[in-house]
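Worksheet: the structure to be examined is printed underneath.
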Amino acid sequence: MPRPTVHSTPFGSAHGIATHLWTLDSGAGVQAGILTYGASLHRLTVPDTAGAPASVVRSLATVDDYTAEHPYFGAVVGRYANRIAHGRFTLDGTTHHVPANDRGHALHGGPEGFHTKVWDATAGATRTTASVRLTLHSPDGDMGFPGALDATVTYTLDATGTLAVDYASVTDRATVVNLTNHAYFDLAGHGDVLGHHLQVDADTYVPVDGDGIPRGVPADVRGTPFDLTVPRLLAERLGHDHEQLRAAGGFDHSWVLRGSGGALRRAARLTAPQARRVLEVWTTEPGIQVYTANQLDGAFTDAAGRRHERHGAVCLETQRLPDSPNRPDFPTAVLRPGDMARSRTELRFPHLAPG
């Protein structure tokens, strides 16, 4: 059986800094392309049950497309993924302000968050895995966040085709951190995801106001379009007349996952029967944000010139809950000196399993 491999190619210059595309190859048909710009998942090529390959994540064509403003295609977002109400939070008695870049609130770490940075990269391979380790230093006060933070994101592709994403952060001063990957999944390779079936292993979700800020406490999914406890057709779920769906134009909500204590467990299962592919997302995080690409409008294209349209993909972002820095009732996102914030997410493809 071929061994996994890793290699890099130039991808152009961003902000005067050379960027690279690192390709991880399982040796059995799965390939992951990782950009040093934004630590982005640029490509994830997965065969279907007949062996036909296609990338299951949406991407942009060039480094210039990525450096222009875009809705976080494939990027690692931080220092705090998701929203912080009014761009402010208080930690140890001091109030901190993050630029409000989304309807008066801070989104994904602010306008110059981790998705706009060129990360340093080192790579390696073993008999069973290929990996690339990306590191970023975020200085004290970066986008208003306290503390100098060193973040590491490691992508590891194994011989079975599972892609693991490991996040680790340390700080020299108390801060908040919440890192996730903002990949747009489309198991058909291109089209829309309305024919996909989605299951989320959660019994509650977080209702939000019209700006996407949590409203009240997590709510029971039973009897609502947010009941994804069994596989549901996305077209059917999004077709409900529900005030939460009307406000967001679809799903843009966090589900509170079953289980706790940081154990790795399944969070979601996405199936595309017509594409003969299945994706399972496993994580140690307490929540998963499901976003059905409600704001895509065809303005962005990939290298083949194909447009990214509304509901053309779905994001499955494993993370802390939104606005956790202002919600002591939510799992904490606080990181203190001497501690390390760690999490792991795995993208598994059960349809590739032998037999």
Side chain to side chain contact (heavy atoms under 4.5 Å, CB included) between Leu279 and Phe349, worked out
CA-CA 5 Å; Leu279 165 66; Phe349 299 95; 3.8 Å; yes
Under a 4.5 Å cut-off applied to non-hydrogen side-chain atoms, are [X] and [Y] in contact?
X	Y	answer
Glu317	Glu285	no
Val221	Trp255	yes
His197	Pro273	yes
Asp186	Val56	no
His253	Val206	no
Tyr80	Met143	no
Gln199	Leu228	no
Leu60	Phe300	yes

Given the rule in the ring pair (Phe, Tyr, Trp, His ring centres under 6.0 Å) test, do Tyr72 and His115 qualify, once you have shown the distances and angles that lead to the verdict?
CA-CA 7 Å; Tyr72 311 97; His115 64 288; 4.8 Å; yes
Donor-acceptor pair, [X] side chain versus [Y] backbone, under 3.5 Å?
X	Y	value
His196	Leu187	yes
Arg103	Gly210	yes
Arg344	Leu264	no
Thr126	Thr128	yes
Thr162	Arg348	no
Gln319	Gly287	no
Asp48	Arg276	no
Asn101	Leu107	yes
His351	Pro47	yes
His96	Phe145	no

Rounded to the nearest 0.5 Å, what separates atom [atom1] in [X] from atom [atom2] in [Y]?
X	Y	atom1	atom2	answer
Asp120	Thr122	CG	OG1	9.0 Å
Leu198	Leu316	CG	CG	6.0 Å
Asn294	Arg310	CG	CZ	6.0 Å
Gln31	Leu163	CD	CG	12.5 Å
Asn181	Leu347	CG	CG	7.5 Å
Arg79	Asp142	CZ	CG	6.0 Å

Between Leu257 and Thr283, is a side chain to side chain contact (heavy atoms under 4.5 Å, CB included) present by the stated rule, with each step listed?
CA-CA 10 Å; Leu257 297 171; Thr283 190; 3.6 Å; yes
Under 4.0 Å between a side-chain nitrogen and a carboxylate oxygen: does that hold for [X] and [Y]?
X	Y	value
Arg307	Glu309	no
Arg258	Asp203	yes
Arg83	Asp323	no
Asp92	Arg336	yes

Taking all non-hydrogen atoms of both residues into account, name the closest pair between [X] and [Y] and its distance.
X	Y	result
Arg269	Glu280	NH1-OE2, 2.5 Å
Pro214	Pro322	CG-O, 3.3 Å
Leu157	Ser26	CD2-N, 3.4 Å
Leu24	Ala130	CD1-O, 3.8 Å
Asp201	Arg266	OD2-NE, 2.8 Å
Arg58	His308	NH1-ND1, 2.8 Å

Would you call the rings of [X] and [Y] parallel, tilted or perpendicular, where under 30° means parallel and over 60° means perpendicular?
X	Y	value
His105	His86	tilted
His182	His108	perpendicular
Trp119	Phe114	perpendicular
His15	Tyr37	tilted

Between Phe73 and Tyr66, is the ring centre distance below 6.0 Å?
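They do not qualify: ring centres at least 6.0 Å apart.
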Is the distance from the ring center of Phe251 to that of Phe226 below 6.0 Å?
yes
[X] and [Y]: same hydrophobic cluster, using ILVMFWY side-chain contacts below 4.5 Å?
X	Y	answer
Val57	Leu35	no
Val132	Val153	yes
Tyr184	Leu44	no
Val76	Val281	yes
Leu136	Val118	no

Cut-off 3.5 Å, side chains only: do Thr95 and Thr90 have a donor facing an acceptor?
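Looking only at side-chain atoms, Thr90 and Thr95 do form a donor-acceptor pair, the distance falling under 3.5 Å.
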Would you please say whether a donor-acceptor pair under 3.5 Å links the side chains of Thr62 and Asp64?
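No, no side-chain donor-acceptor contact under 3.5 Å.
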Kindly indicate, with the supporting measurements, whether the criterion side chain to side chain contact (heavy atoms under 4.5 Å, CB included) is fulfilled by Val193 and Phe185.
CA-CA 8 Å; Val193 294; Phe185 293 103; over 6 Å; no
Neighbour count above 12 (heavy atom, 6.0 Å) for Glu69 CD
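Check fails, neighbour count at 12 or below.
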Is it the case that over 12 heavy atoms from other parts of the model lie below 6.0 angstrom from the CD atom of Glu236?
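Counting neighbours around CD of Glu236, more than 12 heavy atoms of other residues, nucleotides or ligands fall under 6.0 Å, so yes.
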Only one of Asn178, Leu179, Asp150, Thr175 forms a side chain to side chain contact (heavy atoms under 4.5 Å, CB included) with Ser169, so which one is it?
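For Ser169, the side chain to side chain contact (heavy atoms under 4.5 Å, CB included) check succeeds only for Leu179.
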My understanding is that only one of Arg222, Arg237, Arg232 makes a salt bridge (Lys or Arg N to Asp or Glu O under 4.0 Å) with Asp227; could you say which?
Arg232
Applying side chain to side chain contact (heavy atoms under 4.5 Å, CB included), run through His20 and Phe11 and close with a yes or a no.
CA-CA 5 Å; His20 291 83; Phe11 197 72; 5.6 Å; no
I'd like to check the salt bridge (charged side-chain N to carboxylate O under 4.0 Å, His left out) partners of Asp297; sequence neighbours left out, ordered by chain and number.
none
